[in-house]
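Computed over heavy atoms, backbone and side chain alike; hydrogens, waters and symmetry mates excluded. First listed ligand is number 1; within each ligand, the first listed atom is number 1. All values reported here derive from a predicted model rather than from experimental measurement.
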Amino acid sequence: MVMTKEEFKKELRQRLRENYAIEVEGAKPPELFNTLGALLKAKFSEDWRATWKDYLVGKQKQVYYFSIEFLPGKMLKSNLLNMGMLEMVREALAEMDIDLEELAEVERDMALGNGGLGRLASCFMDSLASCGLPGNGNGIRYDYGLFKQRFVDGYQVELPDEWLRSGNIWEIRRDSKAVDVRIGGHVYLKEVRKGRLKPVYENTRTLRAVPYDTGMVGYGNGVVNTLRLWSVEIPSSEEDRYQSIEGRRELEDLTAVLYPDDSNEKGRLTRLIQEYFFVSAGIQSIIRYYKRLNQPMTRLSEYVAIHINDTHPALCVPEMMRILMDEQNLSWKQAWDTTVKVMSYTNHTIMAEALEKWPIDLMKRTIPRMYQIIEEIDARYVASMREIHEHDLVERTRIIKDGQVHMAHLAIIGSYSTNGVAKLHSDLLKSVVLHDFYVIFPDRFNNKTNGIAQRRWSQLSNEPLSNVLNEAIGTSWRKNAADLKLLMNYQGDQQVLKKLAEAKKKNKQALAAYIKENTGIEVSTEAIFDVQIKRLHAYKRQLLNLLHIIKLYLDLKDNPEHPMQSRVFIFGAKAAPSYAYAKTIIKCINETANLINNDPDINGRLKIVFLPNYNVTLAEKIIPAADVSEQISLASKEASGTSNMKLMLNGAITIATLDGANVEIRNAVGDDNIFIFGLTEKEVYQYYENREYSSIRLYEENSVIQRVLNTFIDGTIPNILYEGREIFDSLIKYNDEYFLLRDFDSYVQAQEKINEAYANPKIWQKISLINTANAGRFSSDETVRRYAEDIWNIESKLSYSNKKG
Ligand code: 26W
């Protein structure tokens, strides 16, 4: 596949002439980017077709990863890296006075997700292809991605992300693969022959689902899998029904926008239609493909695995039942046994408000056939379980209750595997959140700790570090992240430690330049770059981070001579537009930043930088420059976290509660190489048990907390008259739901330990090395291999073809 520099230059010139009638000398970044993209797509399409053919001819079992969110970010450099062309193309372009980085800037972030769940899905797509595993993504092609964030007077303002305005070079529209999805209307069952009921639909609406395929290129292995994203259109059969523009827009708007909530289900009609739309389209296209294998439908699970990424695609269960019964004439039992053997489900959050529960009437009105089947699943579940389990347990676990359809219950009952995304989270699912289901289906519960695509999060975003690693331990880590462990042999090697420090400095200088350019704020690279990057949510406790900063500020105001390690606190965080409290915290952080950044007494020793529009590409700029990784959620609340793994891989040192995957990061590096503080999840649950948490008492007993909190209402922090009161009341009047005041002191102490460690570069750099060295286990290559082995029972193309011989 790989071409020589000369061949590349020749083809690029040729394509520019053909597509734009221009010479390379006259070409601008947008034309160059599109031409380069088209050239690469043409190159990997050979492998794409071959991969698809091998899977078909080999009748190889494939997994279909259903996710309502995917967050690939930019793909140019990732495709170049995985095609083994990055260095060659960078040089070839340079020889034509073109800077590859400039072209990469042109590409719009593909931000079809909110945060952790969506990015994990994209890391998995990269790892499945790079491990040669037959894995496909199935989702929605939103016209508008996650909103763009701007700060106006410190407030978050949302702007539409029209990412498709200048087209998307990576996708292929597949008209021939379009399918119809039926919604609305009424459905009743008519006996067509003895004992065989068939649904009859009346005044339904038909949506045309058109797939757009994007190649998921594996790392240096010639494997190219498919990410299929569906877009809605008016079916030609119903053209006359949509004569008015608004009528047409109303339909086309169904998949226009990504819902920007990442932890609060809204129960909106359009969201429900979105969930059914990509599920039905996806399963129809899978069954169409499966028919080409000429195998009985009852053996579907031997060739197809469907993964339900959180509850958003849980309608996969009743939709598979509909197709197997209504279209493939299987009996209920045959259909059910087949469906359960095909489906597996991952839970990504324990937050009650995030668990989807759809009102019965909304579902009945919108997807009547689905509701009919869910009702039958629920009835048969209750009937079968009543024989073996006590009544209340069955009632608590049934799917339909108190007027709502509990989507998590549907996903668990309708699949053979339910996993959490970190050990602690999976244990909490079994012991607390889904304990009733664990009692009923103990064998279905398992853990699959999250991972990250180390190629993007080190090789692509941190070349200074990657070069030091290549020099010290060779390049095997690029293919096999576990080899990062070889770096442990250099924890005492001053040369390597020095080079690692220089790489970090280089990245800090690059970020400092970006901060200056985009915010006007001057930051010193001598300071600790302390980073908290994740969605804004009360349980993630960005507010606790702010309370600590205010404490440091007051200390310096009290005693400007006070020897303090200078720090730059870097925040990146979007708040769901309807999440008022989160937006209040953003305002308070920005106003505190104005106060501290411009206070002559502080004189630059403390800086707060809230970078707007945090997304994948900004993460790639911030993470390599980070010294400290803030993972400070209240124990038990963060299912896993993945920024913690990315920051660790890039040599940042973690200050963390024992929550989510932080526990496994601590196990990996040892207590000397991480700064742990705060309540454990057991202690948190104890407070829930004995209902003894009293923030007012903590406030009254702790003068430091008093001074810090009073800055929110005594005018010390300007321009937050309402917001300051809201924050103060949330902590004192409403008893501090996420125990910030309880963890404050130990957090401050852990931060002081960080100052001490940072004051000794040798110790600091050694700890940083140990974190990078032990980050290999958090590669998503590892994670998907475990899913493949333990859940999906799929094997890599390589091992499969060897076996088939
Ligand atoms: C219905 C609204 C909604 C939308 C998205 C509810 C919940 C979600 C996601 C499940 C939230 C999410 O992204 N969860 C994060 O998933 C990551 C990947 O597993 C974990 O690392 C994070 O801890 C978890 O918060």
| field | Minimum non-hydrogen distance to atom 20 (C) of ligand 1, winning option of P260, G641, C123 | value | G641
| request: May I ask whether R535 places a heavy atom under 4.0 Å from ligand 1? | output: no
| field | Under 3.5 Å side-chain donor-acceptor pair for R444 and Y438 | value | no
| Applying a 4.0 Å heavy-atom criterion (strictly less than), which segment of N450 is in contact with ligand 1: side chain, backbone, both, or neither? | side chain
| request: Please say whether S640 places an N or O atom under 3.5 Å from an N or O atom belonging to ligand 1. | output: yes
| said: For the backbone of D659 and the side chain of E681, can you confirm whether one donor and one acceptor N or O come within less than 3.5 Å of each other? | reply: no
| note | If we number the atoms of ligand 1 from 1 as shown, the ones under 4.0 Å from a heavy atom of D310 are 10 (C)
| request: Could you tell me which atoms of ligand 1, counted from 1 in the order shown, lie closer than 4.0 angstrom to a heavy atom of Y539? | output: 25 (O)
| query | Which ligand 1 atoms does E638 reach within 4.0 Å, using its non-hydrogen atoms? | reply | 22 (C), 23 (O), 24 (C), 25 (O)
| query | Are W457 and N462 linked by a side-chain donor-acceptor pair shorter than 3.5 Å? | reply | no
| Taking only heavy atoms of A639, which atoms of ligand 1 are found under 4.0 Å from at least one of them? | 23 (O)
| said: When you compare the side chains of T617 and D109, does any donor N or O come within less than 3.5 Å of an acceptor on the partner? | reply: yes
| query | Going by the order shown, which atoms of ligand 1 are within less than 4.0 Å of some heavy atom of H312? | reply | 1 (C), 3 (C), 4 (C), 5 (C), 6 (C), 8 (C)
| query | Can you name the residues that form a salt bridge (Lys or Arg N to Asp or Glu O under 4.0 Å) with D427, not counting sequence neighbours? | reply | none
| task | Could you list the residues that satisfy salt bridge (Lys or Arg N to Asp or Glu O under 4.0 Å) with R456, not counting sequence neighbours? | result | E620
| query | Regarding N667 and K423, is there a side-chain donor-to-acceptor distance under 3.5 Å anywhere? | reply | no
| request: Select the closest option to atom 11 (C) of ligand 1 among T349, L117, D262, judged by heavy-atom distance. | output: D262
| request: Under 4.0 Å from a heavy atom of V421: give me the atoms of ligand 1 that qualify, with their elements. | output: 19 (O)
| Check: Y688 ring centroid to Y685 ring centroid under 6.0 Å | yes
| D261: numbered ligand 1 atoms lying under 4.0 Å from its heavy atoms | 2 (C), 3 (C), 4 (C)
| said: For atom 15 (C) of ligand 1, which of the options H348, E356, K534 provides the nearest non-hydrogen atom? | reply: H348
| Cut-off 3.5 Å, side chains only: do N347 and H425 have a donor facing an acceptor? | yes
| N114 near ligand 1 by a heavy-atom separation under 4.0 Å | no
